[in-house]
Chemist: 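Take a look at this one; I'll ask things after.
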Amino acid sequence: MCTEETWDKGIFTPYQNGAGVVSAVKQRCQANARERDRTQNSVNTAFNTLRLLIPTEPPDRKLSKIEILRLAGSYITHLDNQLFTGDVDQPCLQKNDGDNKNNSLCTFCWSSLKKEKNAPPPDKNYYKMTY
DNA sequence: TAGGCCATCTGGTCCT
DNA sequence: AGGACCAGATGGCCTA
């Protein structure tokens with residue numbers, strides 16, 4: 001990998017067709033390093049911070065980045081519902097997709113319900129339908 | 001083994 | 001000119 005370290009130690013040795021080319025490659029290496037840092041420190045930290053705000057079951061469930069974004073949206077909608085009704089004790093019901101016409105408890109409501117009543121976890125399909 | 005996810009590289013664009 | 005940001009490409013890893 002082309003990094004400041006590998007460059008400085010001579011580990012990363014690109015084609016050397018003159019000082020200008022070498023300089024350009026080093027600039028590219030530095031740009032790559034900046035982009036890595038930005039992705040790791042800025043973007044990933046933001047995803048991790050956002051992840052901590054989303055209740056899931058189990059709480060330490062691994063979420064992909066796209067899941068974090070989708071669930072964050074769902075959670076905002078959920079909170080908006082509660083704000084609109086003005087009753088945080090009133091669980092919001094969601095209509096399942098597909099052929100199943102039964103209403104089910106919103107996962108976020110279930111998560112808070114579980115804390116109070118120690119309810120058993122819903123199955124995998126439940127998450128699929130309501131997240 | 002195919003598909004999903006992720007890190008990394010890269011070139012383009014915009015801003016200071 | 002140099003850096004930040006972004007989107008597309010690519011290759012590796014993991015899981016069903």
Side-chain angles (χ1 to χ4, degrees):
Chain A
M1 184 167 36
C2 172
T3 65
E4 287 282 338
E5 192 182 1
T6 58
W7 181 277
D8 290 340
K9 288 182 178 177
I11 299 170
F12 184 83
T13 53
Y15 51 88
Q16 301 190 15
N17 297 330
V21 174
V22 172
S23 173
V25 173
K26 183 173 185 179
Q27 274 191 339
R28 189 62 255 180
C29 278
Q30 290 170 333
N32 290 348
R34 282 195 303 272
E35 179 65 9
R36 272 197 305 274
D37 287 345
R38 193 186 68 86
T39 303
Q40 290 168 2
N41 298 328
S42 184
V43 179
N44 288 354
T45 297
F47 270 105
N48 290 335
T49 303
L50 184 59
R51 169 66 185 92
L52 294 176
L53 299 176
I54 304 171
T56 58
E57 188 57 40
D60 60 348
R61 181 180 172 225
K62 169 73 179 167
L63 297 179
S64 67
K65 290 178 178 178
I66 186 65
E67 283 178 315
I68 291 171
L69 292 179
R70 285 174 175 155
L71 287 179
S74 299
Y75 191 41
I76 289 171
T77 303
H78 160 80
L79 294 176
D80 189 49
N81 282 342
Q82 289 199 330
L83 199 61
F84 181 74
T85 60
D87 185 0
V88 293
D89 294 329
Q90 176 66 42
C92 51
L93 296 175
Q94 286 195 343
K95 204 151 216 172
N96 294 330
D97 296 331
D99 295 334
N100 189 346
K101 301 299 181 190
N102 295 328
N103 287 333
S104 64
L105 194 61
C106 158
T107 301
F108 301 121
C109 285
W110 179 86
S111 190
S112 56
L113 203 64
K114 183 198 163 213
K115 285 178 189 166
E116 300 169 18
K117 303 186 177 178
N118 207 17
D123 59 31
K124 271 186 176 179
N125 289 335
Y126 180 90
Y127 294 113
K128 257 185 187 172
M129 291 185 288
T130 57
Y131 267 146

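Scope of the values below: all heavy atoms of this structure, side chains included, with no hydrogens, waters or symmetry mates. In what follows, chains are A, B, ... by sequence order, proteins preceding strands, each numbered from 1.
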Chemist: Please determine whether a side-chain nitrogen of the Lys or Arg among A/Glu35 and A/Arg38 lies less than 4.0 Å from a carboxylate oxygen of the Asp or Glu.
Modeler: yes

Chemist: Between A/Asp80 (side chain only) and A/Ile76 (backbone N and O only), is there a donor and an acceptor less than 3.5 Å apart?
Modeler: no

Chemist: Does A/Lys65 place a side-chain N or O at less than 4.0 Å from the phosphate oxygens OP1/OP2 of B/dA7?
Modeler: yes

Chemist: For a quick check under 3.5 Å, do A/Arg28 and A/Asn32 share a side-chain donor-acceptor pair by atom type?
Modeler: yes

Chemist: Please list all pairs passing the ring pair (Phe, Tyr, Trp, His ring centres under 6.0 Å) test where one or both residues lie in residues 33-77 of chain A, with sequence neighbours left out.
Modeler: A/Tyr75-A/His78, A/Tyr75-A/Phe108

Chemist: Closer than 4.0 Å, any side-chain N/O of A/Arg34 to the OP1 or OP2 of C/dG2?
Modeler: no

Chemist: Is the shortest side-chain heavy-atom distance between A/Arg51 and A/Arg61 below 4.5 Å?
Modeler: yes

Chemist: Select base, sugar-phosphate, or nothing to describe what A/Asp37 touches, counting heavy atoms under 4.0 Å on all strands.
Modeler: nothing

Chemist: Could you run down the sub-3.5 Å N/O contacts of the protein with nucleotides 11-16 of chain B?
Modeler:
{"from": "B/dG11", "atom 1": "N7", "to": "A/Arg28", "atom 2": "NH1", "distance (Å)": "2.9"}

Chemist: Check the phosphate of B/dT8 against A/Arg36, side-chain N and O only, distance under 4.0 Å to OP1 or OP2. Yes or no?
Modeler: no

Chemist: Determine: side-chain N/O of A/Gln40 to OP1/OP2 of B/dT8, distance under 4.0 Å, yes or no.
Modeler: yes

Chemist: From CG of A/Asn44 over to P of B/dC5, roughly how many Å is that when rounded to an integer?
Modeler: 15 Å

